Colleague: 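Before I ask anything, here is the structure I am working with.
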Protein chains: 2
Amino acid sequence: MKPTSGNAPDSLLKLENFLCFAIYSTANAVTRAYQPRLAVLGLTYPQYLVMVVLWERENQTVKSIGEKLSLDSGTLTPLLKRLESAGLITRRRDTVDERQVLIGLTDEGRAARRRAEAIPIAIGKAFGCTLGEANDLRAELITVRDNLIASIDKAK
Amino acid sequence: MKPTSGNAPDSLLKLENFLCFAIYSTANAVTRAYQPRLAVLGLTYPQYLVMVVLWERENQTVKSIGEKLSLDSGTLTPLLKRLESAGLITRRRDTVDERQVLIGLTDEGRAARRRAEAIPIAIGKAFGCTLGEANDLRAELITVRDNLIASIDKAK
DNA sequence: ACGCATTAAATTGCACACAATTAAATAGTG
DNA sequence: CACTATTTAATTGTGTGCAATTTAATGCGT
């Protein structure tokens with residue numbers, strides 16, 4: 001009996017064998033699963049991640065948020081402006097180092113945290129796996145992700 | 001000794017505990033890792049996935065490609081137009097059912113397959129895990145993904 | 001203090017994702 | 001056959017991601 005796939009050159013280019021596609025399509029599904037729950041808070045999924053980072057610690061720079069989320073200013077600047085005009089965050093230049101922009105929370109942004117706390121529970125159920133399985137999967141993904149990032153950096 | 005995270009309401013909203021963020025950030029890393037390798041073929045990562053689907057079988061409808069990749073016409077129509085103007089695919093209305101558009105490969109599109117075959121090997125190395133580990137991870141992700149999709153569909 | 005490299009955000013341009021709507025063709029029903 | 005419902009792509013509009021460039025501020029060596 002042969003393994004799952006056919007002869008070598010063929011099986012390499014089969015979608016169903018792609019770990020990358022499993023990651024890609026799962027990420028899209030995550031965004032779609034979050035969308036209705038975040039819509040009531042007026043947030044998109046990336047905006048929600050930024051809020052989570054700020055709920056952990058207020059007054060971070062754009063760079064600090066970007067490092068935690070692996071996003072650059074090209075993504076964050078317009079996103080943060082939208083959160084600001086939604087009244088959830090504040091943006092102000094650091095007076096000590098005026099290159100930096102400090103992102104803080106408004107009262108409304110702080111208050112949104114309570115309503116957000118129900119979301120991980122609901123999504124956890126939608127994943128359909130135990131907390132233990134989720135943690136194992138998370139750890140494996142982070143290993144793979146950090147390997148990928150290392151290989152990208154090495155190429156530079 | 002307490003487990004990894006602090007008290008309950010707090011740990012639920014910690015980025016490092018999020019399976020969803022592990023998925024999201026790994027997917028972004030995948031795209032970045034593919035980018036330099038696909039650039040020599042003149043493809044983006046989603047375009048590469050479409051080509052993989054077409055290399056498996058030519059002359060599929062937009063709908064068929066969309067089902068395989070979980071993408072709708074809003075994403076695919078402009079993407080396919082770009083692949084067409086790049087000379088890799090053909091788009092023509094089905095003469096039997098004129099609602100459908102059949103996507104085929106040009107000689108150049110068919111030829112690109114050979115050059116693409118080296119990519120999964122290189123990316124596989126960048127993942128930094130064994131084939132067996134990659135297959136396990138892929139299977140777990142697909143389970144989670146299909147659970148998520150089922151929960152989305154159920155909500156409708 | 002001067003000049004140059006470095007750093008942090010913002011900007012620009014392109015390509016997704018996806019919800020919602022539209023347009024056209026086909027299928028199904030009485 | 002007429003009529004409505006369904007199906008398939010295309011379109012529209014919003015919000016990411018990210019490469020590349022720009023702008024402004026800081027750091028550093030002489």
Side-chain angles (χ1 to χ4, degrees), chain A residues 21 24-36 38-39 42-51 60-67 69-86 91-103 148-149 152 155-156, chain B residues 21 23-36 38-39 42-50 60-67 69-86 91-103 148-149 152 155-156:
Chain A
F21 175 65
Y24 163 85
S25 57
T26 306
N28 287 343
V30 164
T31 304
R32 291 197 299 272
Y34 267 96
Q35 195 275 329
L38 290 176
L43 294 173
T44 64
Y45 181 68
Q47 288 169 8
Y48 165 71
L49 292 180
V50 168
M51 293 304 289
Q60 297 188 56
T61 62
V62 175
K63 180 182 169 62
S64 161
I65 297 170
E67 282 171 351
L69 299 178
S70 292
L71 296 174
D72 67 8
S73 67
T75 300
L76 286 175
T77 296
L79 186 157
L80 291 168
K81 285 180 177 173
R82 280 188 280 271
L83 287 178
E84 184 185 33
S85 55
R91 296 166 68 240
R92 63 175 202 281
R93 286 275 162 189
D94 186 335
T95 50
V96 178
D97 183 346
E98 293 207 341
R99 288 172 302 182
Q100 301 185 148
V101 169
L102 289 172
I103 309 297
L148 279 177
I149 291 171
I152 296 167
K156 288 179 184 169
Chain B
F21 175 65
I23 296 165
Y24 163 86
S25 58
T26 306
N28 287 344
V30 164
T31 304
R32 291 197 300 273
Y34 266 96
Q35 195 275 329
L38 290 174
L43 293 174
T44 64
Y45 180 69
Q47 288 169 8
Y48 165 72
L49 291 179
V50 168
Q60 298 188 57
T61 62
V62 174
K63 179 183 170 61
S64 161
I65 296 170
E67 282 171 351
L69 299 178
S70 293
L71 296 174
D72 66 8
S73 66
T75 302
L76 286 175
T77 296
L79 186 157
L80 291 167
K81 284 179 177 173
R82 280 188 282 271
L83 286 178
E84 184 186 35
S85 55
R91 295 166 68 241
R92 63 175 203 281
R93 286 276 162 189
D94 186 334
T95 49
V96 178
D97 183 345
E98 293 207 340
R99 289 172 302 182
Q100 303 184 149
V101 169
L102 290 171
I103 309 297
L148 279 176
I149 291 171
I152 297 166
K156 286 177 184 167

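Note on naming: letters A, B, ... go to the chains in the order of the sequence lines (proteins, then strands), and numbering restarts at 1 for each one. Just so we're clear, the structure is a prediction, and the values are computed from it rather than from any experiment.
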Colleague: Could you give the CG-to-C1' distance, from B/Leu102 to D/dA10, as a whole number of Å?
Modeller: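 About 16 Å, once rounded to whole Å.
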Colleague: Write down the distance between CD (A/Glu67) and P (C/dA9), rounded to a whole number of angstrom.
Modeller: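 Spelled out: CD on A/Glu67 to P on C/dA9 is 9 Å.
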Colleague: For B/Thr31 and A/Glu98, find the nucleotide of DNA chain D closest to each by heavy atoms; which residue's nucleotide sits nearer the 5' end?
Modeller: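 Its nearest nucleotide lies further toward 5', so the answer is B/Thr31.
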Colleague: Looking for any heavy atom pair under 4.0 Å, which part of the strands does B/Thr61 touch: base, sugar-phosphate only, or nothing?
Modeller: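 Sugar-phosphate, no base atom in range.
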Colleague: With DNA chain C as reference, determine whether A/Leu80 or A/Ala29 sits nearer its 5' end, using the nearest nucleotide of each.
Modeller: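 Its nearest nucleotide being more 5', the pick is A/Leu80.
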Colleague: Does A/Arg82 make a side-chain N or O approach to OP1 or OP2 of D/dT16 shorter than 4.0 Å?
Modeller: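 The answer is yes; a side-chain N or O of A/Arg82 sits under 4.0 Å from OP1 or OP2.
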Colleague: Output the single nucleotide from C/dA8, D/dC18, C/dA17 whose closest atom is nearest the side chain of B/Pro46.
Modeller: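 That would be C/dA17.
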Colleague: Would a distance-only check, ignoring hydrogens and angles, find a side-chain to backbone donor-acceptor pair under 3.5 Å from B/Asp72 to B/Thr75?
Modeller: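 Judged by distance alone, yes, a pair lies under 3.5 Å.
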Colleague: In whole angstrom, what separates B/Leu49's CG from C/dA15's P?
Modeller: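 It works out to 17 Å between those atoms.
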Colleague: Does OP1 or OP2 of C/dA10 have a side-chain N or O of A/Arg91 closer than 4.0 Å?
Modeller: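 For C/dA10, OP1/OP2 do have a side-chain N/O of A/Arg91 under 4.0 Å.
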Colleague: Where the side chain of A/Ser85 meets the backbone of A/Arg82, is there a donor-acceptor pair that is under 3.5 Å apart?
Modeller: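 Flag set: sc A/Ser85 to bb A/Arg82 pair under 3.5 Å.
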Colleague: Taking the nucleotide of DNA chain C with the closest heavy atom to each, which residue, A/Val101 or A/Asn28, is nearer the 5' end?
Modeller: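 It is A/Val101, whose closest nucleotide lies nearer the 5' terminus.
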Colleague: Between D/dA10, C/dA25, C/dA8, spot the one nearest the side chain of B/Arg93, thanks.
Modeller: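 In terms of side-chain proximity for B/Arg93, the closest of D/dA10, C/dA25, C/dA8 is D/dA10.
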Colleague: What is the distance, rounded to the nearest whole Å, between atom OH of B/Tyr45 and atom P of C/dC16?
Modeller: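 Atom-to-atom, B/Tyr45 to C/dC16, this comes out as 13 Å.
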Colleague: A/Gln47 side chain: which of D/dT26, D/dG15, D/dA10 is closest?
Modeller: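 Closest nucleotide among those given: D/dG15.
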Colleague: Would you mind reading off the distance between B/Leu43 atom CG and C/dA15 atom C1', rounded to a whole angstrom?
Modeller: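 Nearest whole value for this atom pair: 13 Å.
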Colleague: So, is A/Tyr24 close to the C/dC16 phosphate, meaning a side-chain N or O under 4.0 Å from OP1 or OP2?
Modeller: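 So the side-chain polar atoms of A/Tyr24 never come under 4.0 Å of the phosphate oxygens OP1 or OP2 of C/dC16.
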Colleague: Could you tell me how far apart A/Leu83 (CG) and D/dT16 (C1') are, to the nearest whole angstrom?
Modeller: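 Nearest whole value for this atom pair: 12 Å.
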Colleague: Hey, are the side chains of A/Arg32 and B/Ile149 touching, using non-hydrogen atoms and a 4.5 Å cut-off?
Modeller: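 A side-chain contact exists here, since the closest heavy-atom pair is under 4.5 Å.
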Colleague: If you compare every side-chain N and O of B/Lys81 against the phosphate oxygens of C/dA15 (OP1, OP2), does one of them come in below 4.0 Å?
Modeller: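 Result: no.
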Colleague: Specify the separation, in whole Å, of atom NZ of A/Lys63 and atom P of D/dT26.
Modeller: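 Rounded to whole Å, this separation is 16 Å.
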Colleague: Mind checking whether B/Asn28 and A/Ser70 have side chains closer than 4.5 Å, heavy atoms only?
Modeller: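 No, every pair of side-chain atoms sits at 4.5 Å or beyond.
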Colleague: Run the side-chain contact (heavy atoms from CB on, under 4.5 Å) check on A/Leu83 and A/Leu43 step by step: do they pass?
Modeller: CA-CA 8 Å; A/Leu83 287 178; A/Leu43 294 173; 3.7 Å; yes
Colleague: Can you tell me how far P of C/dC14 sits from CG of B/Leu79, to the nearest Å?
Modeller: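 Value for this atom pair: 16 Å.
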Colleague: Looking at D/dT8, D/dA24, C/dA19, which one has an atom nearest to any side-chain atom of A/Arg99?
Modeller: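 In terms of side-chain proximity for A/Arg99, the closest of D/dT8, D/dA24, C/dA19 is D/dA24.
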Colleague: Once rounded to the nearest 0.5 Å, what's the spacing between atom CD1 of B/Ile65 and atom CG of B/Leu76?
Modeller: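 Result: 6.5 Å between the selected atoms.
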Colleague: Any side-chain N or O of A/Arg32 under 4.0 Å from OP1/OP2 of C/dC18?
Modeller: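 Affirmative; the distance criterion is met.
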Colleague: Of all of residues 69-77 of chain A, which get a heavy atom below 4.0 angstrom from DNA chain C, listed by number?
Modeller: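 Hits under 4.0 Å, by residue number: A/Ser73, A/Gly74, A/Thr77.
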Colleague: Touch check for A/Val50, heavy atoms < 4.0 angstrom, all strands: base, sugar-phosphate only, or nothing?
Modeller: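 Touches nothing.
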Colleague: Is there a donor-acceptor pair under 3.5 Å between the side chain of B/Arg92 and the backbone N or O of B/Val101?
Modeller: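 No.
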Colleague: Name the orientation class of the two ring planes belonging to B/Tyr45 and A/Tyr24 (parallel below 30°, tilted from 30 to 60°, perpendicular beyond 60°).
Modeller: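 Because their plane-to-plane angle is over 60°, the rings of B/Tyr45 and A/Tyr24 count as perpendicular.
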